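Worksheet for the structure shown next.
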Amino acid sequence: MYNPISTYRIQFHKDFSFDDLQRILPYLRKLGIGTLYASPVFKAVPGSVHGYDSLDPQQVNPELGSEEQLEEISRELKSAGIGWLQDIVPNHMAYDPRNEWLMDVLEKGPQSLYGRFFDITGHKEKLMVPFLGATLDEALSNGEVKLAYDNQRFVLQYYESAYPVNPRSYESILTATEAKPNQALSQLLQHLPQMHQVEDPGTYAQQWNEFRQQLAALMKHEASAEYIRKCIDAVNADTDLLKRIAGEQSYRLCHWQETDTRINYRRFFTVNGLICLNIQDPQVFQAHHQLAEALVKKGIFNGLRIDHIDGLHDPNQYLEDLRQLAGDDAYIVVEKILEPGEGLPEEWPIQGNTGYDFLSIVNNLFTGKSAEKAFTQFYQKLTRNRHSIHRQLHEKKSLILHRHMGGELENLYRLFSQLNLVEKRQLSTIHPD
């Protein structure tokens with residue numbers, strides 16, 4: 001098994017790319033580094049300074065470089081006796097209009113090929129899109145939400161963000177003016193009712209792509225393009241119609257603060273912009289790890305570091321699947337912050353956790369314990385708070401839970417109730433309402 005003796009953390013972003021890494025390789029060689037420990041290198045939100053807001057785990061981040069360049073770097077590292085430990089993020093992806101998997105879910109709803117990819121907790125409800133700075137009604141009244149045509153599809157545009165419109169709304173849009181569409185558009189619209197009857201996601205996706213391509217071709221003809229622009233203008237001029245179209249979607253545009261009290265998808269802590277994956281689903285697991293597996297088998301990645309293992313539905317099963325995928329020689333560690341006295345599950349097929357515990361010990365070397373009393377007195381005088389650190393921790397966690405994670409708390413209570421873990425008469429003591 002690969003054994004990283006000495007590691008050096010590389011934090012990639014647009015201002016420190018593969019080119020920059022290649023420039024410092026001689027320095028790392030002189031330093032005696034045995035393994036690079038790299039931040040995520042798969043496609044992320046443009047300008048990301050960390051890479052944990054993934055857009056596509058099947059593609060190397062173009063802001064960093066290319067897969068070919070990664071292979072070139074690997075050859076240079078091997079000649080210098082340096083390995084590569086890669087950070088991967090199986091828990092979540094960016095909730096972003098550039099996330100094609102997620103936008104496909106927003107566009108097609110239950111008929112999306114990626115409908116099972118994301119951990120949407122309220123499938124009977126419309127998926128919340130909590131990025132408005134006001135309520136939807138206010139945003140519509142202020143002209144902040146508008147219909148537009150972008151990337152061969154109609155979208156609901158909110159400043160720089162654009163969310164795809166469901167195919168079922170296209171007829172309303174393309175008949176929004178008093179004028180009648182020309183023959184080509186009329187013929188195209190006739191395909192919609194039949195397409196809406198298709199249940200197979202693959203067939204539906206194929207037919208929808210063909211419709212979009214035909215609409216894009218019509219946009220190249222001035223008469224059709226002018227008619228479509230007039231339809232868009234008519235919708236935007238009619239707030240009631242625009243609101244109705246927004247209401248026809250499989251998602252619901254809403255104020256970002258609404259997630260303080262309710263939410264119907266799993267997110268990363270309180271970050272609305274990170275939506276969690278159903279990585280326990282074999283199809284999702286395979287799709288998400290496709291490129292990582294290929295790079296491990298090529299010997300470019302010698303090991304993997306798993307981000308936020310505690311967020312996964314079944315960490316043990318995930319790690320068993322990952323071990324089978326990566327092979328016995330891969331060095332696998334997880335990000336897990338252990339409480340004092342807590343140990344890693346012995347059945348996990350891993351080599352350990354990343355060094356938060358060790359880092360805590362090292363930090364103590366730089367802590368002047370003799371000043372504890374003076375600092376404590378200063379802190380208490382400054383904050384006028386003499387409660388113990390344990391009580392303060394409990395109070396702050398409770399504050400976050402009830403003020404900013406009320407939606408998660410309500411979801412947990414509902415699941416707890418549905419699983420009949422206690423008698424119903426006892427539920428009232430847990431949740432009086």
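A quick note: this is a predicted structure, and the numbers were derived from the prediction, not measured. Sequence positions, counted from 1, serve as the residue numbers for this chain.
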Review point. Just by distance, with hydrogens left out, do Ser250 and Asn166 show a side-chain donor and acceptor under 3.5 Å apart?
Key: no
Check your understanding: Any donor and acceptor pair, going by atom type alone, linking the side chain of Gln58 with main-chain N or O of Leu291 inside 3.5 Å?
Key -> no
**Study point:** Short side-chain to backbone donor-acceptor contact, Asn278 and Arg116, under 3.5 Å
**Key:** yes
Check your understanding: Is it the case that Tyr318 and Gln280 place a side-chain donor and acceptor less than 3.5 Å from each other?
Key -> no
Check your understanding: Among side-chain atoms of Asp20 and Ser17, is any donor-acceptor pair under 3.5 angstrom?
Key -> yes
Practice item. Answer yes or no: are there more than 12 heavy-atom neighbours, outside Asp328 itself, under 6.0 Å from its atom CG? Key: no
Review point. Cut-off 3.5 Å, side chains only: do Glu107 and Trp208 have a donor facing an acceptor?
Key: yes
Review point. Is the side chain of His255 donor-acceptor paired with the backbone N or O of Gly133 at a distance under 3.5 Å, no angle test?
Key: yes
Practice item. Mark yes or no for whether Arg168, through its side chain, and His196, through its backbone, hold a donor-acceptor pair below 3.5 Å. Key: yes
Practice item. Check whether any side-chain N or O of Asp238 sits under 3.5 Å from a backbone N or O of Ala234 as a donor-acceptor pair, and report yes or no. Key: no
Point to revise | Min side-chain heavy-atom separation Val334-Trp348 under 4.5 Å | key: yes
Point to revise | Closest approach of Tyr227 to Thr175 (non-hydrogen atoms, all atoms of both residues) | key: OH-CA, 4.0 Å
Check your understanding: With a 3.5 Å cut-off and no angle check, do the side chains of Gln69 and Ser66 form a donor-acceptor pair?
Key -> no
Check your understanding: What residue among Glu410, Glu408, Glu125 forms side chain to side chain donor-acceptor pair (under 3.5 Å) with Arg262?
Key -> Glu125
Point to revise | Arg323 vs Glu320, salt bridge (charged side-chain N to carboxylate O under 4.0 Å, His left out): CA-CA, chis, key distance, verdict | key: CA-CA 5 Å; Arg323 173 56 70 189; Glu320 289 181 1; over 6 Å; no
Practice item. Start with the C-alpha distance between Asn91 and Arg266, add both sets of side-chain angles, then the distance that settles side chain to side chain donor-acceptor pair (under 3.5 Å), and finish with yes or no. Key: CA-CA 10 Å; Asn91 181 66; Arg266 187 165 60 89; 3.2 Å; yes
Review point. Is Glu342 atom CD crowded by more than 12 heavy atoms from other residues, nucleotides or ligands, each under 6.0 Å away?
Key: yes
Practice item. First locate atom CG of Leu344, then atom CD of Gln351, and finally report the distance between them rounded to the nearest 0.5 Å. Key: 11.0 Å
Review point. Of all heavy-atom pairs between Ala94 and Asn99, which one has the smallest distance, and what is that distance?
Key: O-ND2, 2.8 Å
Practice item. Would you mind reporting whether Phe117 and Gln283 have side-chain heavy atoms less than 4.5 Å apart? Key: yes
Point to revise | Flag, side chain of Gln111 to backbone of Val198, donor-acceptor distance under 3.5 Å | key: yes
Review point. Under 4.5 Å between any side-chain heavy atoms of Ile228 and Met219, yes or no?
Key: yes
Review point. Around Glu171, counting heavy atoms of other residues, nucleotides and ligands shown, do more than 12 lie under 6.0 Å from its CD?
Key: no
Check your understanding: When you look at Lys298 and Glu67, which way does the salt bridge (charged side-chain N to carboxylate O under 4.0 Å, His left out) test go after all the steps?
Key -> CA-CA 12 Å; Lys298 286 182 179 180; Glu67 188 173 338; 3.5 Å; yes
Study note, to complete from the structure: In short, Pro164 meets Tyr251 closest at the heavy-atom pair O-OH, 2.7 Å
Practice item. Using modelled atom types only, decide if a donor and an acceptor are shared between the side chain of Ser74 and the backbone of Leu70 within a distance under 3.5 Å. Key: no
Review point. Are any non-hydrogen side-chain atoms of Leu21 and Leu28 less than 4.5 angstrom apart?
Key: yes
Check your understanding: In this structure, are over 12 heavy atoms from other groups packed under 6.0 Å from Gln183 atom CD?
Key -> no
Check your understanding: Among Asp321, Ile279, Val284, which one satisfies side-chain contact (heavy atoms from CB on, under 4.5 Å) with His289?
Key -> Ile279
Practice item. Answer yes or no: is there an ion pair linking Asp53 with Arg98, defined by an N-O contact shorter than 4.0 Å? Key: no
Check your understanding: For the residue pair Tyr170 and His191, is the inter-centroid distance of their aromatic rings smaller than 6.0 Å?
Key -> no
Check your understanding: Going by the angle between their ring planes, with limits at 30° and 60°, are Tyr114 and Trp101 parallel, tilted or perpendicular?
Key -> parallel
Review point. So Glu178 and Lys230, salt bridge (charged side-chain N to carboxylate O under 4.0 Å, His left out) or not? Walk me through it.
Key: CA-CA 10 Å; Glu178 294 182 357; Lys230 287 181 178 179; over 6 Å; no
Practice item. With the side chain counted from C-beta on, respond yes when Ile389 and Tyr379 share a heavy-atom pair under 4.5 Å apart, and no when they do not. Key: no
**Study point:** Short side-chain donor-acceptor distance under 3.5 Å, Ser112 and Asp104
**Key:** yes
Revision key, fill the gap. Heavy atoms of Gly47 and Lys14 approach each other most closely as CA-CD, 4.0 Å
Review point. What residue among Asn353, Thr354, Asp310, Asp357 forms side chain to side chain donor-acceptor pair (under 3.5 Å) with Lys336?
Key: Asp310
Review point. With Trp84, which of Thr35, Ile10, Val296, Leu36 fulfils side-chain contact (heavy atoms from CB on, under 4.5 Å)?
Key: Leu36
Review point. Under a 4.5 Å cut-off applied to non-hydrogen side-chain atoms, are Tyr95 and Asn272 in contact?
Key: no
Exercise for review: Without swapping roles, check the side chain of His92 against the backbone of Gly273 for a donor-acceptor pair under 3.5 Å.
Suggested key: no
**Study point:** Whether Gln249 side chain and Ile245 backbone form a donor-acceptor pair below 3.5 Å
**Key:** yes
Revision key, fill the gap. dist Phe12:CZ -> His50:NE2 (nearest 0.5 Å) comes out at 15.5 Å
Check your understanding: Which pair of heavy atoms, one from Pro40 and one from Val89, lies closest together, and at what distance?
Key -> CG-CG2, 3.8 Å
Exercise for review: Measure the CD1-CG distance between Ile306 and Leu322 for me, rounded to the nearest 0.5 Å.
Suggested key: 4.5 Å
Check your understanding: Which value, rounded to the nearest 0.5 Å, describes the distance between Leu136 atom CG and Glu144 atom CD?
Key -> 10.5 Å
Check your understanding: Hey, what do you get for CZ (Phe154) to CZ (Arg212), rounding to the nearest 0.5 Å?
Key -> 11.5 Å
Exercise for review: Please check if the distance between the ring centroids of Phe268 and Tyr52 is under 6.0 Å.
Suggested key: no
Review point. Is the side chain of Asp200 donor-acceptor paired with the backbone N or O of Thr203 at a distance under 3.5 Å, no angle test?
Key: yes
